[in-house]
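What follows is a single structure, written as structure tokens, with notes after it.
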Amino acid sequence: MATPGPALDWTLAAAPGQMAIAIGRGLDDVRGGVGAQNGSSMPPPGLLHAGLWLSRAMSRCVLEPRPPGKRWLVAGLGNPGLPGTRHSVGMAVLGQLARRLGVAESWARDRRCVADLALASLGDAQLVLLRPRRLMNANGRSVARAAELFGLTAEEVYLVHDELDKPLGKLALKLGGSARGHNGVRSCITCLNSSAMPRLRVGIGRPTHPDAVQAHVLGSFSSAEQELLPPLLERATDLLLDHIRQRSQGPLSGT
């Protein structure tokens with residue numbers, strides 16, 4: 001990955017999702033979104049005033065000093081709009097992780113990354129949770145952009161994704177390595193220019209016939225499989241948090 005610019009030494013203040021969404025909409029309007037629809041190059045004075053107020057509010061209220069400790073990016077790979085499919089089980093783990101950390105209502109769309117982001121604390125560490133809004137084979141573009149914005153290296157980026165070669169209910173945490181045929185992981189390796197990212201692999205099982213793989217991956221979990229999902233998501237969250245806590249306590253090179 002190319003050397004990132006200066007790390008963003010700030011985090012979102014209280015109610016980050018609501019504030020970020022309001023500011024984004026206000027600034028979009030000021031930049032001519034509403035005026036363009038009305039055939040005018042300039043927005044109405046009242047709207048301009050509101051947009052400037054939002055811009056000042058962002059400077060005063062949204063930026064605050066970054067807390068001490070390490071920062072990690074956790075990306076749940078998948079396809080946007082298909083949350084219940086096997087291929088998007090990484091996003092399901094991110095949803096459970098956000099609930100566990102108390103930020104399930106704080107997801108905010110970030111247009112720079114083309115992803116949904118939520119920030120959470122884990123002891124002295126900060127977690128940047130990311131759900132790409134791009135298709136699986138382009139997930140890496142969102143992940144790499146977020147890593148750049150937050151000043152993170154590939155070793156500080158966790159990928160959570162489905163694994164065909166493990167049965168449903170099996171988990172494995174792998175430190176680096178090849179994509180093993182997974183298009184989302186391949187995209188991340190290409191865009192980050194590194195294969196060092198730790199990956200939490202969530203088993204979804206492989207169908208017996210090779211021609212059924214695509215339908216299996218893109219299909220929804222069966223009724224029997226759905227009964228296994230809640231404890232699986234809990235265990236995946238436990239494994240991920242325990243690993244991040246352990247790495248946060250020691251030097252990065254020793255993990």
Side-chain angles (χ1 to χ4, degrees), residues 1-5 7-8 70-80 85-94 97 110 112-117 122 125-167 170-206 213-214 217-218 236-237 239-255:
M1 185 176 77
T3 302
L8 296 183
K70 294 189 176 181
R71 175 183 277 165
W72 311 94
L73 173 65
V74 185
L77 305 187
N79 286 308
T85 62
R86 298 181 181 91
H87 214 21
S88 294
V89 71
M91 289 185 170
V93 173
L94 261 286
L97 180 60
D110 189 303
R112 299 166 300 175
C113 305
V114 191
D116 294 327
L117 296 179
L122 183 66
Q126 183 186 63
L127 271 57
V128 181
L129 310 185
L130 181 143
R131 298 185 303 200
R133 282 180 169 263
R134 292 183 168 103
L135 294 177
M136 177 68 88
N137 59 6
N139 273 190
R141 293 165 59 191
S142 295
V143 174
R145 179 60 172 146
E148 179 184 17
L149 288 171
F150 286 92
L152 300 175
T153 65
E155 291 86 355
E156 297 166 313
V157 175
Y158 280 80
L159 305 180
V160 186
H161 62 89
D162 58 301
E163 175 59 62
L164 272 170
D165 292 325
K166 291 189 178 297
K170 295 295 183 180
L171 300 167
L173 211 156
K174 174 182 173 65
L175 297 178
S178 68
R180 299 171 57 91
H182 193 286
N183 290 334
V185 176
R186 181 182 294 113
S187 174
C188 291
I189 290 174
T190 299
C191 294
L192 287 163
N193 195 28
S194 173
S195 61
M197 299 79 71
R199 304 106 192 244
L200 177 58
R201 299 182 292 162
V202 183
I204 60 170
R206 181 184 288 274
V213 169
Q214 183 174 357
V217 167
L218 297 179
T237 300
L239 179 59
L240 194 58
L241 291 177
D242 287 346
H243 196 266
I244 293 174
R245 286 191 189 98
Q246 182 178 4
R247 295 185 77 199
S248 296
Q249 293 171 359
L252 198 61
S253 59
T255 58

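Heads up: numbering here begins at 1 and tracks the sequence. The analysis underlying the following values was restricted to heavy atoms, covering all of them including side chains, and did not include hydrogens, waters or symmetry mates. Predicted model, so just to flag it, every value in this text is computed and none were measured.
- If you take OH on Tyr158 and CD1 on Ile244, they are separated by 5.0 Å, rounding to the nearest 0.5 Å.
- With rounding to the nearest 0.5 angstrom, the OG1 atom of Thr237 is 8.5 Å from the CG atom of Leu94.
- The minimum heavy-atom distance linking Arg134 with Asn139 is given by the pair O-ND2, 2.9 Å.
- Taking the six-membered ring for Trp and thresholds of 30 and 60 degrees, His87 and His182 have ring planes inclined between 30 and 60 degrees apart.
- Cys113 and Leu149 get closest at one heavy-atom pair: SG-CD1, 3.5 Å.
- Contact check for Phe150 versus Leu117: side-chain heavy atoms found under the 4.5 Å cut-off.
- Judged purely by atom type and a 3.5 angstrom limit, Ser195 has no side-chain atom pairing as donor or acceptor with the backbone of Gly176.
- For Thr85 against Val217, the heavy-atom pair with the smallest separation is CB-O, 4.2 Å.
- Taking Arg141 as the reference, nothing meets the salt bridge (charged side-chain N to carboxylate O under 4.0 Å, His left out) condition, with sequence neighbours excluded.
- The distance from atom CZ of Arg133 to atom CZ of Arg131, rounded to the nearest 0.5 Å, is 8.0 Å.
- Looking only at side-chain heavy atoms (C-beta outward), Asp162 and Val202 stay at 4.5 Å or farther from each other.
- Listed here is the closest heavy atom pair of Val143 and Ala75: CG2-CB, 3.8 Å.
- When every heavy atom of Pro132 is checked against every heavy atom of Met91, the shortest pair comes out as O-CE, 3.3 Å.
- Listed for the Gln246 side chain is no donor-acceptor partner under 3.5 Å among the backbone atoms of His243.
- Between Leu159 atom CG and Leu192 atom CG the span is 7.5 Å, to the nearest 0.5 Å.
- Distance check: Leu77 CG to Ser187 OG gives 8.5 Å after rounding to the nearest 0.5 Å.
- With Arg199 contributing its side chain and Gly177 its backbone, the two residues share a donor-acceptor pair below 3.5 Å.
- With values rounded to the nearest 0.5 angstrom, Ser88 atom OG is found 10.0 Å from Ile204 atom CD1.
- When side chains are defined from C-beta on, Met197 counts as touching Val157, because their heavy atoms get closer than 4.5 Å.
- For Asp110, the salt bridge (charged side-chain N to carboxylate O under 4.0 Å, His left out) test picks out Arg112, with sequence neighbours left out.
- Among all heavy-atom pairs drawn from His161 and Val89, the shortest one is C-CG1, 4.4 Å.
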